[in-house]
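Side chains included, hydrogens not; waters and symmetry mates left out as well; all remaining heavy atoms used.
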Amino acid sequence: MRVRNLHLRHLPVPPDRAGALIDGLASPDDALWPADRWPAMRLDRPLAVGAAGGHGPVRYTVAAYTPGHGVRFRFRAPRGFDGFHEFTAGPADGGGAVLRHLLAIRAHGPALLTWPLVFRPLHDALLEDCLDRAEHALTGTVRAPSRWSPYVRLLRAAAVRGRRRRDEALGTGPVRP
C-alpha cells in the first residue's frame with residue numbers, strides 16, 4: 001500500500017524564518033517538535049546527514065539536509081515502513097512561507113494494519129501539533145489550534161498504560177502495591 005500524507009501551514013513570515021525552525025529539530029532549543037505532548041525527537045548528534053534517532057517507536061536516519069530549507073528522514077522502524085518523512089520550508093504563493101511535512105511510504109507486512117489503525121491517527125495529531133507550535137513560535141498566536149480526536153486520546157491512553165505495564169515488569173517504573 002502506498003501512502004502519501006501531507007501536512008502544511010501557511011505562515012505570514014519570510015521562508016527563512018520557517019526554515020530556521022527545521023534547523024532546530026532535536027536540539028535543546030527545538031521550537032517545532034511538540035516534545036511537551038509527544039515523545040521527543042532525539043538524534044545521536046546534531047541535525048546532519050547520517051544522524052540517527054527517532055521518536056517513540058519510530059526510528060530514522062537523516063538522508064538529506066539543506067539548512068534553512070528542509071530535512072528528509074529515511075525510516076528504519078517500525079517494520080513495514082519503507083520510505084521517508086520530511087519537513088520543508090519555502091515561499092508561499094502570495095507571500096509568506098509554507099511549512100510542509102510529507103510522509104511517503106510503501107507500507108507492507110504489519111504496517112498494512114498498524115499504519116491506518118494506529119500510526120496514521122497519531123501521526124496526523126502530532127504533525128498538527130508541530131504546525132501549531134511553528135505558528136505560535138513565529139507569530140505569537142495560533143489562529144485555529146488543532147484538537148485531538150477521541151480516537152487519538154484513546155490510543156494515547158492505551159500507550160501510556162502499556163508503557164507503565166512494561167516498566168513495572170522490567171522494574172524500571174513505579175510498582176503498584
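Taking the side chain as every heavy atom from C-beta outward, L103 and H101 approach each other to under 4.5 Å. The closest side-chain heavy-atom distance from D124 to V152 is not below 4.5 Å. Here the side chains of P12 and T139 are in contact, with some heavy-atom distance below 4.5 Å. Looking at heavy atoms from C-beta onward, V71 lies in side-chain contact with V62 at the 4.5 angstrom threshold. A 4.5 Å side-chain heavy-atom check between Y65 and L25 finds every atom pair outside the cut-off. Counting only heavy atoms from C-beta outward, the side chains of T114 and P78 never approach each other to under 4.5 Å. Inter-residue side-chain proximity for L32 and L99 is flagged as met; some heavy-atom pair is nearer than 4.5 Å. Residues R4 and R2 form no side-chain contact, since every pair of their non-hydrogen atoms from C-beta on lies 4.5 Å or further apart.
Between W33 and F87, the ring planes are perpendicular. Angles over 60° get that label, and only those under 30° would be called parallel. By the 30° and 60° cut-offs, the orientation of the rings of F119 relative to F81 is perpendicular.
Heavy atoms of other residues, nucleotides or ligands lying less than 6.0 angstrom from CZ of R42 number 12 at most. The number of heavy-atom neighbours closer than 6.0 Å to CZ of R79, taken from other residues, nucleotides and ligands shown, is 12 or below. Within 6.0 Å of the CG atom in D36, the count of heavy atoms belonging to other residues, nucleotides or ligands exceeds 12.
Residues H85 and H7 keep their aromatic ring centres 6.0 Å or farther apart.
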Working for side-chain contact (heavy atoms from CB on, under 4.5 Å), residues R156 and W38: CA-CA 9 Å; R156 287 175 54 90; W38 296 92; 3.2 Å; yes
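Residue Y60 is tested with R72, R74, R76, H55 for a side chain to side chain donor-acceptor pair (under 3.5 Å); the sole match is H55.
Distance check: E86 CD to I22 CD1 gives 9.5 Å after rounding to the nearest 0.5 Å.
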